[in-house]
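Naming convention: chains lettered A, B, ... in sequence-line order (proteins, then strands); numbering from 1 in each chain.
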Protein chains: 2
Amino acid sequence: MKVSGHHRITIKDVAAAAGVGVATVSRVLSGGSASPETRERVLAAAARLDYRPSALGRNLRQRRTGGIALLVPDITDTFYGRLTEGVLSCARSAGEPVMIGATGDDPELEAELIGTFLEQSVDRVIAVPCGDADTWTPALRAGLTVVFAHRRPPGRDDVPAVLSDDRLGVRTAVEYLAGLGHRRIAYLGGPGQGPRLRAFRDTLAALGITLDDELVVSARAARDSAYAAASGLFQHRPDLTAVLAGGNVLGEAAVLAARELDLRLPRDVSIVMFDDVPWAELCSPPLTVIAQPAQDIGYRAAELVMRESARRTRDTVLPTELLVRGSCGPRR
Amino acid sequence: MKVSGHHRITIKDVAAAAGVGVATVSRVLSGGSASPETRERVLAAAARLDYRPSALGRNLRQRRTGGIALLVPDITDTFYGRLTEGVLSCARSAGEPVMIGATGDDPELEAELIGTFLEQSVDRVIAVPCGDADTWTPALRAGLTVVFAHRRPPGRDDVPAVLSDDRLGVRTAVEYLAGLGHRRIAYLGGPGQGPRLRAFRDTLAALGITLDDELVVSARAARDSAYAAASGLFQHRPDLTAVLAGGNVLGEAAVLAARELDLRLPRDVSIVMFDDVPWAELCSPPLTVIAQPAQDIGYRAAELVMRESARRTRDTVLPTELLVRGSCGPRR
DNA sequence: ATGAAAGCGCTAACAA
DNA sequence: TTGTTAGCGCTTTCAT
């Protein structure tokens, strides 16, 4: 067999080898109509030459890149790692390549990355968004199919989202804590947690507990910011008896800060954390958590974005589950 | 300003608006020579029309996709999460898009993903490889620039790699353990850890400790496989007094298995884990680890793969560090 | 059922 | 310095 130096095999080569026109090769390879005999010849030639159609040519012709783009705040956070795994596994079964970007929960960076995607003519994106509704206008106007995962910018109801049931998750956790006798319950949140916060307030109200604004703090995405917020909370309000952490990074910070201040779990303070992670069981005491189906969120979002129907779909809300382990106890 | 319906602005539009030829626009936008006056006009027109060059056209013309492809075993593992973050941050500063794939440490899947990349005419890939040397032959023959990260397939010395200093890391850990009086030290490894294993054997030999083959076990990538291996090890050889875990998933499994069998740390068994993760401090006792610069590995690999000189470069070996915390004690 | 030919948006020769 | 032109590899009319 003759192997030429560094010449990429194109559809022309296959056409020549099979003694047909390029159009026929294209048709056969994309399942169009052709006589069985011709099809046979083309397939044989393609196989013999080890032909791989160039996505470049196809994409340019069709004015779109296949594949899907994924935007997450922080790939270092295992929650987003699992979400990403879900997207990848769905994309893989469809043979679609995945482009990834980390926004660091910075709207400007997000906008920039969207720009990169536009430049690449990506036409499908899954995003855990951090910018406001307007950030997404250019992408939408350019005709992108977008699906939000995990959260959505307020006011962008024209884009479908795959979410976990934050409302019920928060409510379950707070009711559990209240059932243990806690009244001064803090919420330690991160960026873009409007819905959870609202659920927190609403649940408190429903239970007849007055909201204490000082017990609601919000950190930026980074680990040190989370630690600072948690530590500040404990020091500023030593009277609190329970905290609900809005994510695994925040939960980790809370445990660390509590330990640093010699607060014992669950004697001095009870902690419930959003997101079940492997180390929650290794912690001592093991952490009580609200499990979220991170991987499923990613998988569903990918399914959705690959369907043509994506543009007009209702949100998908996935259930959460309270896993009671050892980090909560009765009010001291 | 007139905004046309859904027509993508092309270089032609800009050329017309500026009253110049398309080549001139191309030159100006890619920093070629042009009279200041012309340049001005072109830039103005481009800005006014909000022109974004299509990567599709450029890529086809240049027969290559910009951007870099990344292959990791498991994006759910925080080690690879951090490595990925390193790659992303370097790529971001160069404005390069990143394509990602998860191999699950399955050589077949790896080969398939390489195929996808080839189809996309990707020309740079960073990989934590799991296949053998031959898996990479097609990619190399196609002219891809590849850089290995974290490990390399035996026999593929023609591809540069960015590694952590496994040899010294293992040695430091084993010597530390031996210094504590341990003699029956187990190694709990994962896929592709040949060099670490060799270092383990060599260090034992240097210390005059006879290697006990039963104390060297190897798990597949998945968490349950790691747990099974760890649990089996403890049950099969209750006489072991220390274990070196070859990664955070394996370490987690070891801690879990030990706890399940009522082995106390560090009284009954000492554990050192490769890879420092946030939860290592939350564990009780806090885990003694060998820290690896995961993010740096990713960043360096990205730098390397973007340089033209990548093809002929020596390996980069980054230092590890033994962080002594509380999971190791004197031999019981 | 098949082939010829026209581009998709861009860059790089080559001319002027 | 600038414009004209020829493709990059593919899909898709439009004839045949």
Visitor: In terms of ring plane angle, is the pair A/H150 and A/F79 parallel, tilted or perpendicular, where the classes change at 30° and 60°?
Guide: tilted

Visitor: Just the rounded figure in Å: distance from P of D/dG9 to CZ of B/R58.
Guide: 18 Å

Visitor: To the nearest 0.5 angstrom, please state how far the CG atom of B/L163 sits from the CG atom of B/L318.
Guide: 9.0 Å

Visitor: Can you tell me the distance, in whole Å, between the CG atom of B/D13 and the P atom of C/dC8?
Guide: 11 Å

Visitor: Atom CG of A/L60 and atom C1' of C/dA6: how far apart are they, to the nearest Å?
Guide: 13 Å

Visitor: Work out which heavy atom in A/E85 is nearest to a heavy atom in B/T76; give both atom names and the distance.
Guide: CB-OG1, 3.9 Å

Visitor: Is B/S54 close enough to C/dC10 that one of its side-chain N or O atoms is under 4.0 Å from OP1 or OP2 there?
Guide: no

Visitor: Sort me out a list of protein N/O and nucleotides 12-16 of chain D N/O pairs below 3.5 Å, or just none if empty.
Guide:
| unit_1 | atom_1 | unit_2 | atom_2 | d |
| --- | --- | --- | --- | --- |
| D/dT12 | O4' | A/R61 | NH2 | 3.3 |

Visitor: Output the rounded distance in Å from CZ (B/R8) to C1' (C/dC10).
Guide: 11 Å

Visitor: Rounded to the Å, how far apart are B/N59 CG and D/dC10 P?
Guide: 15 Å

Visitor: Please determine, by modelled atom types, if B/R156 and B/T135 share a side-chain donor-acceptor pair under 3.5 angstrom.
Guide: no

Visitor: Which part of the nucleic acid does B/L56 contact within heavy-atom distance under 4.0 Å: base, sugar-phosphate only, or nothing?
Guide: nothing

Visitor: Looking at A/E303 and A/R307, is there a salt bridge between them, counting it only when a charged N and a carboxylate O are closer than 4.0 Å?
Guide: no

Visitor: Need one value for A/G57: base, sugar-phosphate or nothing, where a base atom within 4.0 Å counts as base even if backbone is also close, heavy atoms only.
Guide: base

Visitor: Please find the pair of heavy atoms, one from B/D123 and one from B/G67, that lie closest to each other, and give the distance.
Guide: OD1-O, 4.1 Å

Visitor: Are OP1 or OP2 of D/dT2 and a side-chain N or O of B/T38 less than 4.0 angstrom apart?
Guide: yes

Visitor: Find the distance A/R52:CZ to D/dC8:P and express it as a whole number of Å.
Guide: 21 Å

Visitor: Calculate the interatomic distance between B/L49 atom CG and C/dG9 atom P; express it in whole Å.
Guide: 15 Å

Visitor: Could you state the CD-P distance from B/E37 to D/dT1, rounded to the nearest angstrom?
Guide: 13 Å

Visitor: Kindly give the heavy-atom pair with the smallest separation between A/V162 and A/R300, and that separation in Å.
Guide: CG1-CB, 3.9 Å

